[in-house]
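Here's the structure we're looking at; comments come further down.
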Number of protein chains: 2
Amino acid sequence: MRWSALPPLNTLLPFEATVRHASMTAAARELHVTHGAVSRQIQNLERSLGTSLFERRTRALHPTPQARQLAAVVRDALDQIDAAARQIAPRAPAGPLTLSCEPTLLMRWLIPRLPDLAAKVPDVTVHLSAGGGPVFFERDDIDLAIRRDDFPFPEDASRTRLFAERIGPVCRPDLAARLTDAAGASQVTLLHTGTRPQAWDDWRRITGLRAEPASQQTLEHFYLTLQAAAAGVGVAIAPYAVARDDLERGQLVAPFGFVPDGTSYHLLGRPSHEQDGRVRRLTAWLRARTSRLDDDSEQV
Amino acid sequence: MRWSALPPLNTLLPFEATVRHASMTAAARELHVTHGAVSRQIQNLERSLGTSLFERRTRALHPTPQARQLAAVVRDALDQIDAAARQIAPRAPAGPLTLSCEPTLLMRWLIPRLPDLAAKVPDVTVHLSAGGGPVFFERDDIDLAIRRDDFPFPEDASRTRLFAERIGPVCRPDLAARLTDAAGASQVTLLHTGTRPQAWDDWRRITGLRAEPASQQTLEHFYLTLQAAAAGVGVAIAPYAVARDDLERGQLVAPFGFVPDGTSYHLLGRPSHEQDGRVRRLTAWLRARTSRLDDDSEQV
DNA sequence: CAAGACCGGTGAGTAAAATTCACTCATGCG
DNA sequence: CGCATGAGTGAATTTTACTCACCGGTCTTG
């Protein structure tokens, strides 16, 4: 009998986000779901209340005054619950969190974004550790690890998918023209990476494109390969995530774009830390910052 | 990043009810789910918070102080949301609600409970209408109807299951001895009911018991049949719900108990009234009052 | 002014979550 | 001791949430 008008609680988060953004699509992005999911939850809520909550225009969504008011109440109510939950949650150990990550992703993606991390999640201190392959949380004293799912993850690790791997050839802008020119393509040097020697083969298999190199060269890590590519040594094959900043700066170009190779990067964590607020905030930040990398429209 | 400690919202209602009752089983009863469902939601919540919320003793559950506090916050937060939702929900038309119901269930079950209804749901005025069979909300100006699912319900009606039909023979206490006595059983008069002529056959089929009556008699409605049984005319077959009060008063006894016949009673409503607060409150009251009728332990 | 991007709605299919069912265990009670 | 009661749980099932792929509008842009 109590709370007879209470709407389905699962509709509240999508609703609140939608009102805040005045957009279902934006809310969906924030919540890491599709716009369809938000659309349906809004419909649930409206059906439950028996009222429409938005004025639907074609490109814009206008929350009604009642919707704004309800959203404000919801925000407030959730704030209270969140605060209460925080108080109850076991005090997190104050020490820094150790995050393990592939060397190149670390150097070319994560480190340049540390200032943003420090700004957005000021209460979390992160220790960075370069590493790949199997994760041993206890042995290596690691709290979180970013890994590509090209090997089986520990059974009990918590995992959050971050973004799909997409690879593509990159080179100095002035070399790009040669690649599409049959005569020039055969005079190009292919740059291989020691830690992922099959990358070129993968790319050829996926795209069906051929590459008949004049010569080949292998460097241990992607950051070295990219360095060589930027120096004009040849054409490297690289993950989009690590090449991204160089592409934006114009130091490298990707004449063939990038294609998914079927693998994805995940954030792995100790199951016991799943409800640690710092872990949650760091996870949220990583998800937010990597969601663009997972976006096909960013295929360049 | 906001609300990083927010627990799954669906766990809040079971949690709040469990704290209030200091019992999962009681909370489950209130929410009309099994205790297992509550148990699992509590586990979800505890996992999400990373803390235990109850001290588990064998027969009793003690909410921790933190749990009490969280429950209080949750109550408060849900109150706010409920109030806001109420304000937004379209003003319900003020008129009385018309409830249609089988004549006997109306006379022998609902009418005796009207004082309780008036006490618990004071803001709802109910018009009662005796009727059975197909429901025509519009034509008959009916808002809600209680019906047994022995015929197809309207496609678009909202429906809430209330309780399982259970039938059994009833008679005056002094006649009961005869029924189990082979010689006496054949001298008994079977009382049939016009609106459900196959009830005795159903019962024989379900129980496998035989009844070789000296004579038979048919009366139109169950309330007449029960009246005759109470007068000692013979043995009636009746739904538990309508015989219940007479059994408790000792006017009738049910020497063979009651058995489910596979059908159930449902509350049907106009889909447009589903979010009407008065309909919700009336539905909640009916569910609460009929849940005992649905309880196998009440098989007498 | 057509081509494409963007937004929200939606049918169908799928994944995930909630719930039930049918048990177990532990224990207090007559 | 046998029974009743309340909670936990593995497996199955049902319900709900979500995704995917598409549609129809409309605003933008070359």
Side-chain angles (χ1 to χ4, degrees), chain A residues 7-15 17-48 52-64 67 158-161 164 260 264 287 291-292 294-299, chain B residues 7-15 17-48 52-64 67 158-161 164 260 264 291 294-299:
Chain A
L9 298 182
N10 278 346
T11 66
L12 296 182
L13 271 84
F15 165 69
T18 301
V19 171
R20 186 150 32 81
H21 291 127
S23 155
M24 296 195 195
T25 310
R29 257 197 304 274
E30 175 181 317
L31 300 170
H32 303 287
V33 293
T34 60
H35 81 270
V38 174
S39 170
R40 281 171 157 75
Q41 291 292 36
I42 298 290
Q43 284 167 29
N44 285 352
L45 180 59
E46 291 184 324
R47 189 161 37 72
S48 154
S52 174
L53 291 166
F54 296 90
E55 193 188 333
R56 267 92 164 166
R57 297 293 180 76
T58 334
R59 292 253 331 227
L61 205 63
H62 293 295
T64 64
S158 72
R159 62 199 65 183
T160 306
R161 186 184 171 285
S264 292
R287 290 234 294 167
S291 65
R292 316 189 43 207
D294 200 30
D295 190 350
D296 276 348
S297 71
E298 233 193 38
Q299 283 230 16
Chain B
L9 298 181
N10 277 345
T11 65
L12 296 182
L13 270 87
F15 165 69
T18 300
V19 172
R20 186 150 33 81
H21 291 127
S23 155
M24 296 195 193
T25 309
R29 258 199 302 275
E30 174 181 317
L31 300 169
H32 303 288
V33 293
T34 61
H35 83 270
V38 174
S39 170
R40 281 172 155 77
Q41 291 292 37
I42 298 290
Q43 284 169 28
N44 286 352
L45 180 59
E46 291 183 325
R47 190 160 38 73
S48 154
S52 174
L53 290 165
F54 297 90
E55 192 189 335
R56 267 90 164 168
R57 298 291 179 77
T58 329
R59 294 255 327 233
L61 204 64
H62 294 296
T64 64
S158 72
R159 62 199 66 183
T160 307
R161 186 182 170 287
S264 293
S291 64
D294 200 30
D295 190 350
D296 277 347
S297 71
E298 232 193 37
Q299 283 231 15

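The shown structure was predicted, so the numbers you read here are calculated from the model rather than taken from an experiment. Chain naming here is simple, since letters A, B, ... match the order of the sequence lines and numbering starts at 1 in each.
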Could you check how far [atom1] of [X] sits from [atom2] of [N], rounded to whole Å?
X       : N      : atom1 : atom2 : value
B/Glu55 : D/dG6  : CD    : C1'   : 15 Å
A/Ile42 : D/dC18 : CD1   : C1'   : 15 Å
B/Arg56 : D/dG8  : CZ    : C1'   : 9 Å
A/His62 : C/dC7  : NE2   : P     : 14 Å
A/His35 : D/dC22 : NE2   : C1'   : 10 Å
A/Arg29 : C/dC6  : CZ    : C1'   : 10 Å
A/Arg57 : C/dG9  : CZ    : P     : 14 Å
A/Leu53 : C/dG8  : CG    : P     : 15 Å

For D/dA7 and B/Ser39 - does any side-chain N or O of the residue sit under 4.0 Å from the phosphate oxygens OP1/OP2?
no

Phosphate contact (C/dT10 OP1 or OP2) by A/Gln43 side-chain N/O below 4.0 Å
yes

B/Thr11 side chain to B/Gln41 main-chain N or O, any donor-acceptor pair under 3.5 Å?
no

Do any N or O atoms from the side chain of A/Thr18 and from the backbone of A/Met24 form a donor-acceptor pair under 3.5 angstrom?
no

Sort me out a list of protein N/O and nucleotides 16-19 of chain C N/O pairs below 3.5 Å, or just none if empty.
unit_1, atom_1, unit_2, atom_2, d
C/dA18, OP2, B/Asn44, ND2, 3.3
C/dT19, OP2, B/Gln41, NE2, 3.2

Under 4.5 Å between any side-chain heavy atoms of [X] and [Y], yes or no?
X       : Y       : value
A/Glu55 : A/Arg57 : yes
A/Thr64 : A/Ser52 : no
B/Arg20 : B/Glu30 : yes

Which atoms form the tightest heavy-atom contact between A/Ser48 and A/Pro7, and what is the distance?
OG-CA, 3.5 Å

Rounded at 0.5 Å granularity, tell me how far CD1 in A/Ile42 sits from CZ in A/Arg40.
13.0 Å

Atom pair CZ/CZ of A/Arg161 and A/Arg287 - distance to nearest 0.5 Å:
10.0 Å

Close N or O pairs between protein and nucleotides 27-30 of chain C (under 3.5 Å):
none

Verify side chain to side chain contact (heavy atoms under 4.5 Å, CB included) between B/Asn10 and B/Asn44, making sure each step is shown before the conclusion.
CA-CA 10 Å; B/Asn10 277 345; B/Asn44 286 352; over 6 Å; no

